[in-house]
Trainee: 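Input: one structure, supplied below.
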Amino acid sequence: MAVELAPELLEILACPHCHGALAVDHEREELVCLAADCGLAYPVRSGIPVLLIDEARRPDQPATSQPGSD
């Protein structure tokens, strides 16, 4: 399932950790921080970005399936 977020929303969303810009990774269904020193990836579940640092995947961690994503 592709991530469908309004372009206006993407313009105002920022990484909660470093305040960097976010980009959509449609393949992994995540919002990824574009800051070189951050790179956290936040899941998008049921079309809702989960912008919690505790829920974010570090760049060096593999993506895992999320509960309810089946």
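Quick caveat, the model's predicted, so the values are computed rather than measured.
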Trainee: For the atom pair SG (C15) and CD1 (I53), what is the distance rounded to the nearest 0.5 Å?
Mentor: 6.5 Å
Trainee: Enter the distance from H17:NE2 to D37:CG here, rounded to the nearest 0.5 Å.
Mentor: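 Nearest 0.5 Å value for the NE2-CG distance: 8.5 Å.
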Trainee: Are I48 and L51 connected, step by step, through hydrophobic side chains (Ile, Leu, Val, Met, Phe, Trp, Tyr) whose heavy atoms are closer than 4.5 Å?
Mentor: no
Trainee: Are L10 and V3 linked, directly or through intermediate hydrophobic residues, by side-chain heavy-atom contacts shorter than 4.5 Å (ILVMFWY only)?
Mentor: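 Yes, it is one cluster - the side chains of V3 and L10 are joined through contacts under 4.5 Å.
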Trainee: State plainly whether one hydrophobic cluster holds both V44 and I12, where clusters connect Ile, Leu, Val, Met, Phe, Trp and Tyr through side-chain heavy atoms under 4.5 angstrom apart.
Mentor: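 Looking at the clustering, I12 is in the same group as V44.
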Trainee: Taking all non-hydrogen atoms of both residues into account, name the closest pair between A14 and H19 and its distance.
Mentor: CB-O, 3.9 Å
Trainee: Could you tell me the separation between the SG atom of C33 and the OH atom of Y42, rounded to the nearest 0.5 Å?
Mentor: 6.5 Å
Trainee: Specify the closest pair of heavy atoms between L13 and P49, including all atoms of both residues, with the distance to one decimal.
Mentor: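 Answer, listing the atom of L13 first, then P49: CD1-CG, 4.3 Å.
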Trainee: Could you state the interatomic distance from CG (L22) to CG (L34), rounded to the nearest 0.5 Å?
Mentor: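 The distance works out to 7.0 Å.
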Trainee: Please identify which of these residues, E30, E55, E29, meets the salt bridge (Lys or Arg N to Asp or Glu O under 4.0 Å) condition with R45.
Mentor: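 Going through the options one by one, the only one that passes is E55.
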Trainee: Taking C-beta and beyond as the side chain, do L31 and D25 meet within less than 4.5 Å on heavy atoms?
Mentor: no
Trainee: Measure the spacing between CG of L40 and CZ of R58 and express it to the nearest 0.5 Å.
Mentor: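 Taking CG in L40 and CZ in R58, the distance rounds to 5.0 Å.
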